[in-house]
Amino acid sequence: MKRIFFISIVCIFVFNLVGCSSAVAKKEKKETLIIAHRGADDRAPEETMPAFRLAVNEKADYIELDLRETKDNKLILMHDPTLDRTTNGKGDVTRYSLKQIKKLDAGSWFGKKYKGQCILTLEELINQYGSKTNYFIETRRVGNELKMEEPLIRLLNKKGLIKKKKVMIESFSARSLEKIHKLDRSVPLVQLTLFKNKKDFTDQKIREWRKYAVGIGLDAKLADKKLIQKMHQNHLKVYVFFFDSKKEKAEQKRVIEDGADGVFTNHLTYTKALLK
């Protein structure tokens, strides 16, 4: 009888231990952030309201957007330094006022149904979605000057997005991120990298990034389990982008399995299905 009682106690203990371990494992399961690169840019013209609307409606964790500055110092959403690829305008963005840029067609290049889509200002996008979504914002130098950081932080504070933790800021420019860090240390920053070799991720570089950044942006070609683990060991998150559009879907699956904290996806529907 005592033996049966003892066996029962052991079984209950093992059952509870397994159950607890499963609960802990479930709790600690890593979630990969889905970052809609320039909105849902595979189905609507990049950085326009239709592209962002799709991304928000489909519940991307973040919408990613690029900042450029007009001749009259307004922050607009555009990736390229020139208007040529995504509008019917020509030349550098900085040569035009916001009023002039607003007259351009930013949708026809993608498809007839998007004819007449306007270039957005950052404030217009925020006014549309407020805190209903999260923003992954890329800054850059303007003519080698740090000009957009102060108006950006001022706008984000005005809209309450920093306080509500709705924003991350990324840049290839360390100087831009360092300036933002001085303006507001509560904003999480991501240092984008353009290294061609894994050996370039030196201990010295990592120490420098940790002074202001919470993570790095990494080209999928270099992103593997070993390098991602190295960044994690140094308390830096890893967000992966994809320059090779033909290989992106296959690469997404791989880098997610290797431990990436987020992916800048150009195929939102696919990525959502991948992470189910």
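Looking at heavy atoms from C-beta onward, Lys198 lies in side-chain contact with Asp224 at the 4.5 angstrom threshold. Inter-residue side-chain proximity for Leu125 and Leu65 is flagged as met; some heavy-atom pair is nearer than 4.5 Å. Leu33 has its side chain out of reach of Lys237: every pair of non-hydrogen atoms, C-beta onward, lies at least 4.5 Å apart. No side-chain heavy atom of Arg185 sits under 4.5 Å from any side-chain heavy atom of Tyr212. Looking only at side-chain heavy atoms (C-beta outward), Ile206 and Lys230 come within less than 4.5 Å of each other. Residues Phe52 and Tyr135 are not in side-chain contact: their nearest non-hydrogen atoms beyond the backbone lie 4.5 Å or more apart. Between Met168 and Glu170 there is no side-chain heavy-atom pair separated by less than 4.5 Å. Taking 4.5 Å as the limit, some side-chain heavy atom of Ile216 sits within range of a side-chain heavy atom of Phe201.
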Query - Step-by-step side chain to side chain contact (heavy atoms under 4.5 Å, CB included) determination, Thr70 to Ser97 - result: CA-CA 6 Å; Thr70 64; Ser97 68; 5.9 Å; no
Requested in this report: Walk me through it: do Arg43 and Thr269 pass the test side chain to side chain contact (heavy atoms under 4.5 Å, CB included)?
Outcome: CA-CA 10 Å; Arg43 286 172 286 155; Thr269 304; 3.4 Å; yes
**Report entry** Check against side chain to side chain contact (heavy atoms under 4.5 Å, CB included), Ile76 and Val93
**Finding:** CA-CA 9 Å; Ile76 63 169; Val93 172; 3.7 Å; yes
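The closest donor-acceptor contact from the side chain of Thr87 to the backbone of Gly89 lies under 3.5 Å. Listed for the Asp261 side chain is a donor-acceptor partner under 3.5 Å among the backbone atoms of Val238.
One side chain, Thr271 or Gln252, offers a donor N or O that lies under 3.5 Å from an acceptor on the other. With 3.5 Å as the limit, one finds no donor-acceptor pair spanning the side chains of Thr94 and Asp92. Side-chain atoms of Asp184 and Ser186 form a donor-acceptor pair, as typed in the model, at a separation below 3.5 Å.
There is no path of hydrophobic side-chain contacts, each under 4.5 Å, that joins Phe243 to Val263. When hydrophobic clusters are built by joining Ile, Leu, Val, Met, Phe, Trp and Tyr residues whose side-chain heavy atoms come closer than 4.5 Å, directly or via intermediates, Leu274 is grouped together with Val240. Hydrophobic clustering, with ILVMFWY side chains joined whenever heavy atoms are under 4.5 angstrom apart, keeps Val214 apart from Leu161. Connection of Leu218 to Leu189 is established within a shared hydrophobic cluster, with ILVMFWY side chains joined at heavy-atom distances below 4.5 Å, either directly or through further cluster members. Linking Ile, Leu, Val, Met, Phe, Trp and Tyr whenever their side-chain heavy atoms come within less than 4.5 Å puts Val142 and Ile153 in one cluster.
Between the CZ atom of Arg68 and the CD atom of Glu138 there is a distance of 8.0 Å, given to the nearest 0.5 Å. For the atom pair CG (Asn134) and CD1 (Ile34), the distance works out to 12.5 Å, reported to the nearest 0.5 Å.
Remark: Asp105 pairs with Ser108 by the side-chain hydrogen bond (donor to acceptor under 3.5 Å, both in side chains) rule, at least two apart or across chains. In this structure Tyr114 satisfies the ring-ring contact (aromatic ring centres under 6.0 Å, His included) test together with Phe110, sequence neighbours excluded.
For the residue pair Ala60 and Leu268, the shortest heavy atom distance occurs at CB-CD1, 4.0 Å.
Between Asp72 and Lys99 there is no salt bridge, since no side-chain N of the basic residue sits under 4.0 Å from a carboxylate O of the acidic one. Arg85 and Glu46 are joined by a salt bridge, as a carboxylate oxygen and a charged side-chain nitrogen come within less than 4.0 angstrom of each other. A salt bridge does not link Lys272 to Glu58: none of the charged nitrogens lies less than 4.0 Å from a carboxylate oxygen. Between Lys159 and Glu123 a salt bridge is recorded (basic side-chain N to carboxylate O distance below 4.0 Å). Salt-bridge formation is not detected for the pair Asp200/Lys196: no Lys NZ or Arg NE/NH1/NH2 atom is positioned less than 4.0 Å from an Asp or Glu carboxylate oxygen. Salt-bridge formation is not detected for the pair Glu178/Arg175: no Lys NZ or Arg NE/NH1/NH2 atom is positioned less than 4.0 Å from an Asp or Glu carboxylate oxygen. Taking 4.0 Å as the cut-off between side-chain N and carboxylate O, Lys253 and Glu257 count as a salt-bridged pair.
In this structure, Tyr239 has its ring center no closer than 6.0 Å to that of Phe241.
Atom NZ of Lys71 sits in a sparse spot, with 12 or fewer heavy atoms from other residues, nucleotides or ligands closer than 6.0 Å.
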